[in-house]
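Side chains included, hydrogens not; waters and symmetry mates left out as well; all remaining heavy atoms used.
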Amino acid sequence: MAVQTTEATPKTVDLGPAAALSCRECGERFELGPIFACQLCFGPLEVAYDLPTDSPEELKKRIEAGPDNIWRYAPLLPVPADVAEKPSLNPGFTKLVKADNLARELGVTGGLFVKDDSGNPTHSFKDRVVAIAVEAARAFGFTTLSCSSTGNLAGAVGAAAARAGFRSCVFIPHDLEQGKVVMAAVYGGELVGIEGNYDDVNRFCSELIGDPLGEGWGFVNVNLRPYYGEGSKTLAYEICEQLGWQLPDQIVIPIASGSQLTKIDKGLQELIKLGLVEDKPYKIFGAQAEGCSPVSTAFKAGHDVVRPQKPNTIAKSLAIGNPADGPYVLDIARRTGGAVEDVNDEQVVDAIKLLARTEGIFAETAGGVTVGVTKKLIEAGLLDPTLTTVVLNTGDGLKTLDAVAPTTGPSATIRPSLDAFRDAGLAR
């Protein structure tokens, strides 16, 4: 199939192995550029590659000799070969925690792991996707980085822009958690609150892209979305490498737009194609908050269409009522034999505390959703406790303190004396 050109396409673009943009619906291909929708059918575009031809053993050696961040996977990403030499926050290669204590609580005997992405530079997985988007912004000559965000992405864009020398201007719902607002603003870029929810913010950004006011702006999750989404593949790469170049049997992933889940599946499929892991069945499960569960609702009803919902949940980082990749999430969950489930706010808080108490990991509300859904899936017999399971924690609980603050505090307040300590019943 011939590659279409666009007026927005620069003449020379070096994004490494990235060969074109391909429509996920009709398969039409376009030259690399800041476009995100097919000009024929309006389907979403994603990056198509000329993948390495090294033997699996040679490619593993190349990867393992690379830096301890996502740039070790540069041969599989839409970035130039010298990406590691450019100013970047260098996210990735976060811990894969063997969660034996949590496994005992949940009755998992096959091995339970938490992929803890709170260890990234701005304490969420969004640093991965933004790092890739920055390279696309450089390639296309943009001068301003922007985004619509439920919080974590705003901070990741602000920090990455500061490091890479871009101006930033990011847009958020006006009622975000204070910790995320401060973290997005501290990097010195422009932070704009929009009266409304995330879907209102996203619509505004789409309008700005088409206006002269947005000229020279790279919106990481809109006109740079095909490249941005590829950053989530690095979670799949790292999980498999950290498991000794093996696929997990089951993986539980939070759903906001759904892009992370679809790209993790894409990453697993690429590893199989390249011979870096043995091809075997795996199941992908999606996790949503009950107060914003359009994909879970569609899955349970057996529908292929995801109907938008108005978000009402403490898990604000997942509060996207009209998820762009929702239908593709349904396809993947069904194809792999997984499921999509949801938990209510009380279950989210309980799961945050459970993970903290058992493994010393303080997750934000999205992590509470994922752990809570894992528990629910095991109880329902949908997730096999005898298989190797990976659960994602995508952010730091310090960003969502309000969720646990009302029910978390000192065990006692006493006078500074041993007698008072004894009287409080704490000496044991």
Side-chain angles (χ1 to χ4, degrees), residues 17-18 22 24 44 46-52 54 56-57 59-60 62-64 66 70 72-78 92-96 110-117 125 128-129 132 226-287 295 325-340 370 373-374 377 382-384 387-394:
S22 176
R24 211 183 302 182
E46 63 179 7
V47 179
Y49 294 90
D50 291 328
L51 289 173
D54 312 50
E57 293 74 20
L59 186 53
K60 280 182 185 179
R62 284 177 63 189
I63 290 171
E64 291 169 351
I70 62 171
R72 69 198 284 115
Y73 307 109
L76 310 179
L77 296 171
F93 221 66
T94 54
K95 293 180 180 178
L96 183 67
L112 180 63
F113 298 83
V114 176
K115 181 59 172 170
D116 186 13
D117 247 24
F125 92 94
R128 298 173 180 272
V129 290
I132 306 296
Y227 313 95
Y228 158 95
E230 296 296 283
S232 289
K233 294 193 310 181
T234 60
L235 280 160
Y237 300 157
E238 289 177 20
I239 288 169
C240 290
E241 183 179 354
Q242 290 169 324
L243 288 174
W245 293 107
Q246 294 183 28
L247 292 168
D249 297 315
Q250 303 170 134
I251 184 167
V252 187
I253 305 168
I255 298 170
S257 72
S259 175
Q260 183 185 65
L261 187 149
T262 62
K263 291 303 186 290
I264 286 176
D265 179 64
K266 182 180 180 182
L268 296 177
Q269 290 295 312
E270 287 177 351
L271 293 181
I272 292 170
K273 182 178 179 180
L274 290 165
L276 295 177
V277 297
E278 180 183 351
D279 188 4
K280 70 172 187 177
Y282 60 85
K283 294 182 179 181
I284 291 184
F285 297 87
V295 186
D325 282 348
Y328 303 107
V329 169
L330 295 175
D331 291 343
I332 291 168
R334 289 166 179 157
R335 188 196 80 224
T336 64
V340 186
T370 310
V373 163
T374 301
L377 290 169
L382 296 174
L383 191 148
D384 189 339
L387 299 178
T388 301
T389 303
V390 176
V391 176
L392 266 61
N393 173 44
T394 53

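Considering CG of Leu276 and CG of Leu268, their distance stands at 12.0 Å, rounded to 0.5 Å. Summarising the geometry, atom CG belonging to Asp279 is positioned 4.5 Å from atom CD1 belonging to Ile272; distances are rounded to the nearest 0.5 Å. Distance check: Ser232 OG to Gln260 CD gives 5.0 Å after rounding to the nearest 0.5 Å. From Glu46, atom CD reaches atom OG of Ser22 across 6.5 Å, with rounding to the nearest 0.5 Å. If you take CZ on Phe125 and CD1 on Ile264, they are separated by 8.0 Å, rounding to the nearest 0.5 Å. In this structure, Arg62 CZ and Leu76 CG are separated by 8.5 Å, a value rounded to the nearest 0.5 Å.
In summary, Asp325 and Arg24 engage in a salt bridge, as defined by a charged side-chain N under 4.0 Å from a carboxylate O. Using a cut-off of 4.0 Å between Lys/Arg side-chain N and Asp/Glu carboxylate O, Arg72 and Glu241 are scored as salt-bridged.
The two atoms that bring Pro75 and Pro17 nearest to each other are O-CG, 3.3 Å, heavy atoms only. The minimum heavy-atom distance between Pro52 and Leu274, with the atom names listed, is O-CD2, 3.8 Å. Shown here for Val47 and Pro226, the closest heavy-atom pair between the two residues is CG2-O, 3.5 Å. Leu271 approaches Ala236 most closely through the heavy-atom pair CD1-O, 4.0 Å. Annotation for Gly92 and Ile70: closest pair CA-CG2, 3.7 Å, computed over non-hydrogen atoms.
Within the 4.5 Å cutoff, no side-chain heavy atoms of Phe113 are placed close to those of Ile239. Asn393 places none of its side-chain heavy atoms less than 4.5 Å from the side chain of Val391. With a 4.5 Å cut-off on side-chain heavy atoms, Val295 and Leu330 count as touching. Side chains of Ile332 and Leu261 form a contact here, defined as non-hydrogen atoms less than 4.5 Å apart. Looking at heavy atoms from C-beta onward, Phe285 lies in side-chain contact with Leu377 at the 4.5 angstrom threshold. Using a 4.5 Å heavy-atom threshold, the side chains of Gln246 and Glu278 count as separate.
Each of Asp249, Asp265, Thr388 was compared with Tyr282 under the side-chain hydrogen bond (donor to acceptor under 3.5 Å, both in side chains) criterion, and only Asp265 meets it.
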#### Entry: CA sep, side-chain torsions, deciding dist, call: Leu392, Val252, side chain to side chain contact (heavy atoms under 4.5 Å, CB included)
CA-CA 6 Å; Leu392 266 61; Val252 187; over 6 Å; no
### Query
Passes salt bridge (Lys or Arg N to Asp or Glu O under 4.0 Å), Lys266 versus Glu230? Steps please.
CA-CA 9 Å; Lys266 182 180 180 182; Glu230 296 296 283; 3.1 Å; yes
### Message
Would Val329 and Val340 count as a side chain to side chain contact (heavy atoms under 4.5 Å, CB included) here? Give the steps.
### Response
CA-CA 9 Å; Val329 169; Val340 186; 4.2 Å; yes
### Query
Does the side chain to side chain contact (heavy atoms under 4.5 Å, CB included) test come out yes or no for Leu77 and Ile132, once each step is laid out?
CA-CA 8 Å; Leu77 296 171; Ile132 306 296; 4.0 Å; yes
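Formation of a donor-acceptor pair under 3.5 Å by the Lys280 side chain with backbone atoms of Leu247 is found in this model. With hydrogens and angles ignored, the 3.5 Å screen pairs no side-chain donor or acceptor of Ser259 with any backbone N or O of Gly229. Distance alone, capped at 3.5 Å, places no donor-acceptor pair between the Lys115 side chain and the Thr394 backbone.
Defined by atom type and a distance below 3.5 Å, a donor-acceptor pair is present between the side-chain atoms of Thr94 and Asp117. In the model, Gln250 has a side-chain atom that pairs as donor or acceptor with a side-chain atom of Thr389 under 3.5 Å.
Applying the side chain to side chain donor-acceptor pair (under 3.5 Å) test to Thr234 and every residue at least two apart in sequence or in another chain returns Arg128.
Annotation: Lys60, atom NZ; neighbour count of heavy atoms from other residues, nucleotides and ligands within 6.0 Å is above 12. Atom CD of Glu64 has more than 12 heavy atoms from other residues, nucleotides or ligands within 6.0 Å.
For residues 237-263, the set of pairs meeting the ring-ring contact (aromatic ring centres under 6.0 Å, His included) definition, not counting sequence neighbours, comprises Tyr73-Tyr237. Residue pairs meeting the ring-ring contact (aromatic ring centres under 6.0 Å, His included) criterion with at least one partner in residues 251-277, sequence neighbours excluded, do not occur; the list is empty.
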